Amino acid sequence: MNVGLLAHPAEEVAPRLLGSVLTCRTPDGTVSIAITETEAYSGTADPASHAYRGRTPRNAAMFGPAGHLYVYRSHGLHWCANVVTGTDGIASAVLIRAGRVIEGEDLARERRGEKVESPRLARGPGNFCQALGITAEHNGADLLRGTSVVLSEGEPVPAARIQVGPRVGVSKAHDWQHRFYLAADPTVSAYRLSPRAKPPAGA
């Protein structure tokens with residue numbers, strides 16, 4: 001993966017990441033997942049972004065440089081992984097929402113549960129990180145030159161397979177068409193509107 005592919009706004013990079021592979025190496029073993037669903041978050045210009053109100057110790061990794069990992073805790077329960085994009089110093093990141101395990105399925109299932117079906121192993125951002133073994137220690141990791149977590153190019157995805165829609169579960173800017181996913185792929189998470197989402201003004 002070339003940093004030049006990531007040094008663009010999140011909404012441009014998000015569809016390009018479909019089909020790419022995220023690999024995490026831990027003492028337990030290695031798991032690789034092909035990405036099937038992403039969401040773009042545009043920093044200070046995006047009300048749903050963690051960086052909307054500016055830089056903090058929590059979201060610092062989101063401000064660059066491109067090609068690093070931004071990891072955060074969701075609702076105090078799950079780790080979520082984002083590929084940092086754009087220009088260094090300007091917050092921009094792509095949330096990885098789902099994927100298909102292509103290496104280390106036994107280890108992924110051990111982490112997720114023996115009875116979890118293969119398409120569900122990495123469905124949803126929290127499950128994606130759990131299957132890979134990504135935690136807070138990977139926040140800020142270099143995905144292009146590091147060794148513990150690596151982003152690489154996978155099989156090319158035909159443009160006709162890429163679907164676009166609103167982001168899942170966010171209450172602000174929920175109608176932005178910044179979610180990208182592979183059509184009819186069983187690993188893609190189901191769309192749900194946040195109960196806190198408000199209709200656009202004038203609607």
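Along the sequence shown, the residues carry numbers beginning at 1. Predicted model, so just to flag it, every value in this text is computed and none were measured.
Between the R25 side chain and the T147 main chain, a donor and an acceptor come within less than 3.5 Å of each other. Using modelled atom types, one side-chain atom of Q130 and one backbone atom of R111 make a donor-acceptor pair closer than 3.5 Å. Between the R167 side chain and the A40 main chain, a donor and an acceptor come within less than 3.5 Å of each other. A distance-only check finds no donor-acceptor pair linking the side chain of H178 to the backbone of E39 [under 3.5 Å]. The closest donor-acceptor contact from the side chain of R55 to the backbone of A91 lies at 3.5 Å or more, if one exists at all. At distances below 3.5 Å, at least one donor-acceptor pair connects side-chain atoms of H138 with backbone N or O atoms of T135.
Taking CG of L22 as the start and CG of L17 as the end, the distance is 9.5 Å to the nearest 0.5 Å. Rounded to the nearest 0.5 angstrom, L107 CG and L132 CG are separated by 9.5 Å. The distance from the CD1 atom of I134 to the CG atom of L69 is 5.5 Å, given to the nearest 0.5 Å. Taking CD1 of I96 as the start and SG of C80 as the end, the distance is 11.0 Å to the nearest 0.5 Å. With values rounded to the nearest 0.5 angstrom, R97 atom CZ is found 11.0 Å from N82 atom CG. A distance of 13.0 Å separates CG of N139 from CZ of R73, quoted to the nearest 0.5 Å.
Connection of V188 to L95 is not established within any shared hydrophobic cluster, with ILVMFWY side chains joined at heavy-atom distances below 4.5 Å, either directly or through further cluster members. The hydrophobic cluster containing V3 also contains V149, counting ILVMFWY residues as joined when their side-chain heavy atoms lie under 4.5 angstrom apart, directly or transitively. Hydrophobic clustering keeps I162 apart from V21 (ILVMFWY residues linked when any side-chain heavy atoms are closer than 4.5 Å, directly or through intermediates). Both L182 and V94 belong to a single network of hydrophobic side chains, linked directly or stepwise wherever heavy atoms of I, L, V, M, F, W or Y lie under 4.5 Å apart. Hydrophobic clustering, with ILVMFWY side chains joined whenever heavy atoms are under 4.5 angstrom apart, groups L121 together with I35.
G124 and S189 get closest at one heavy-atom pair: N-CB, 4.2 Å. Closest non-hydrogen pair, L18 versus Y181, comes out as CD1-N, 4.0 Å. Between G99 and F128, the shortest heavy-atom distance links the atoms N-CD1, 3.8 Å. Minimum heavy-atom separation, R179 to A190: NH2-C, 4.4 Å. Pairing each heavy atom of Q177 with each of V164, the nearest pair is O-CG1, 3.5 Å. The two atoms that bring V31 and A108 nearest to each other are CG2-N, 4.2 Å, heavy atoms only.
Side-chain contact between D28 and E110 is absent, with no heavy atoms from C-beta onward closer than 4.5 Å. Residues S49 and M62 meet the side-chain proximity criterion, which asks for heavy atoms closer than 4.5 Å. Between T187 and E37 there is no side-chain heavy-atom pair separated by less than 4.5 Å. Side-chain contact between P125 and Y72 is absent, with no heavy-atom pair separated by less than 4.5 Å. A 4.5 Å side-chain heavy-atom check between T85 and S92 finds at least one atom pair inside the cut-off. The shortest side-chain heavy-atom distance between V170 and K172 does not fall under the 4.5 Å cut-off. Annotation: side chain of L6 is in contact with side chain of L151 (closest heavy-atom distance under 4.5 Å). Side-chain contact between V13 and L5 is absent, with no heavy atoms from C-beta onward closer than 4.5 Å.
None of V83, V150, V84 except one satisfies the side-chain contact (heavy atoms from CB on, under 4.5 Å) rule with L143; the exception is V83.
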Let me see the working for S32 and I102 under side-chain contact (heavy atoms from CB on, under 4.5 Å), right down to the final yes or no. CA-CA 6 Å; S32 295; I102 59 175; 3.9 Å; yes
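The environment of E117 atom CD is sparse: at most 12 non-hydrogen atoms of other residues, nucleotides or ligands sit within 6.0 angstrom. For CZ of R109, the number of neighbouring non-hydrogen atoms (other residues, nucleotides, ligands) closer than 6.0 Å is greater than 12.
Side chain to side chain, E11 and S42 meet the donor-acceptor criterion of an N or O pair below 3.5 Å. Between the side chains of E103 and T30, no donor-acceptor pair of N or O atoms lies under 3.5 Å.
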